[in-house]
Amino acid sequence: MKIAFLIDSFILPQWKYKIIEDFYNNESTELQLIKIKANNFIQKLSGILYYLYEALDYLVFSKTNKFKETQSEKDALKKINIKSLNIRHCECSEAIHSPDNLEWIASSHPQDASRNDQQIISENKFDLIIDLTKTFKKDFYSNFNAMSKKGICFFEFGDESNLYPPFFKEIYFNIPSINVSLSLTDGKYKKTLYKSCSAANNISLYLNNNKNLWKMSEFINRIIDDINNYPASVFNPEDECLRYDIKIPPNSLMIKFISKILKNLIKTKISGSKFKNQWFLAYRKIQENMDKLNYEIISPPEDKFFADPFIINENGKSYIFFEECCFSDPKGVISYFEINENGEISPPKTVLEKDHHLSYPFVFKYENKYYMIPETLANKTIELYEAIKFPEEWQLNKILFNNVHAVDTSLLFHNDKFWLFTNMSANGSSLSDELFLFYSDSLFGEWKSHPKNPIISNTKTARSAGKLFFYENKLIRPSQENSVRYGYALNFNSVDILNEDEYKETLIKNIPPHFIKDNLAVHTFNSDNTYNIIDGMRLIEK
């Protein structure tokens, strides 16, 4: 496949470099670069506050680990010289009106070096052009489309009215979620190829850019085979391609923007100095109507929090496994309560502790044995434990996945297969945005990646929130709504299609946390044949 990248500089952000490098290392791809002679943003007096803010924002937030999702997170905005790939390039004018205006073109194939540039263009029309430049006027794509069989891929941030730098609008108007997408255009119309949604950070453009740009660096590779199979009539005449120059916010707007950020920072600082978030557990007897949310609270001591409850019924007894964590030493352990028919709770007892953090104890029974898959993100693994003596003694049975960044793994045995749902991230993207699915014929066998991975790319519904279960003849997948805040609300999603080729689900119910007084979040739901169990989050004084 012949692919051309449009670039406007040899010094590119690291996320763009990764995209080009991925294709460069693909032996089936013939890669060419077209460098556009374009004027970068000119620092005018009317926009100087934006550039000062951008520099300060990077200086402050690129030097802290506070907001980092994974241990291997990289700075997506770090500049790297693309000449290190040893690919020859071409240059052309931003005001190009046809391919004849190209000054020269170069290829990753040295044999093209001595040939006439126009001859290379005419004989080697690209299968696809991928735009990695800054935003240009809409006629920019019309000029280049004659050089591409499939069209031109480009990234979009927010909606079409977002004329300021990416994620500026979300912070300014306090919008809790961010949409990013990859689109294909023929110069006149467009088709959205891939779309994702993540939670917006309300204090930093840099933080929003870093996690979203890393996520976007994976988009093209995921859909490149689909693009290759697209017919010429893929574009919808009703979906016009509109793309404009990004405007630098004027100083008057930046004063308002910075004041909003300062207000958010002060609010966060004051709240953080007086209060801390404490997760707690809550349960209720099972009733026919799932809408009756009369839960009893299980409050942890002031120096701890309880979260991620899973419930197992064995020999008429209900056992609640959960994450127990001290504020003074934020390394979670797995503990359990026993709860009797009267709702009386035994003292907690720790059953699994490691040198690293543990949470989300997915406990299940298979062939008369109990197993557990706790979250082991800090160890970069997905691990399977077996109960030697249920419920108190557990030992490692097998490491299912190694060298991964994965959280909240949930397992389902359905239609004679094991289906493993887990939230994963690459580089510095959010762990709450994308859900991956794997399947196997054996609990201990090799796991195959589902061809639609990630099956969900949306922070509002992706992250797992407990065991899948059947309700009214529907398979339900509980998930978290993370756009407002981490673990804000519960979703119940109906799994409509689940097989080795397809996955589809439909959101059927969203449950905000307010059914419990002063509750700010609820992000786990599980049930046995006696009780429903959830967690919640409240503010307590430090």
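Small disclaimer: the values here were computed from a predicted structure and weren't measured. Scope of the values below: all heavy atoms of this structure, side chains included, with no hydrogens, waters or symmetry mates.
Partners of Phe362 according to the ring pair (Phe, Tyr, Trp, His ring centres under 6.0 Å) rule, which considers only residues two or more places apart in sequence or in another chain, are Phe310, Phe364. Taking the ring pair (Phe, Tyr, Trp, His ring centres under 6.0 Å) definition, one finds that Tyr385 meets it with nothing, sequence neighbours left out. Take Leu507 and apply the side-chain contact (heavy atoms from CB on, under 4.5 Å) test, not counting sequence neighbours, and it matches Asn491, Asn493. With sequence neighbours left out, Asn529 forms a side chain to side chain donor-acceptor pair (under 3.5 Å) with Asn313. By the side-chain contact (heavy atoms from CB on, under 4.5 Å) test, Ala406 is found to be paired with Ile382, Val404, Thr422, Met424, residues two or more places apart in sequence or in another chain being considered. In this structure, Lys467 has no side chain to side chain donor-acceptor pair (under 3.5 Å) partners at least two apart in sequence or on a different chain. For Cys325, the side-chain contact (heavy atoms from CB on, under 4.5 Å) partners at least two apart in sequence or on another chain are Phe305, Glu323, Pro330. Scored by the side chain to side chain donor-acceptor pair (under 3.5 Å) test, Ser148 finds no partners at all (sequence neighbours excluded). In this view, Phe470 and His414 satisfy the ring pair (Phe, Tyr, Trp, His ring centres under 6.0 Å) rule, not counting sequence neighbours. Under the rule for a side chain to side chain donor-acceptor pair (under 3.5 Å), Asn202 has no partner lying at least two apart in sequence or in another chain. Every residue two or more places apart in sequence or in another chain that forms a side-chain contact (heavy atoms from CB on, under 4.5 Å) with Ile11 is listed here: Ser9, Lys79, Asn81.
Counting only residues at least two apart or on different chains, the salt bridge (Lys or Arg N to Asp or Glu O under 4.0 Å) pairs with a member in residues 421-445 are Lys215-Asp433, Arg222-Glu434, Lys417-Asp441.
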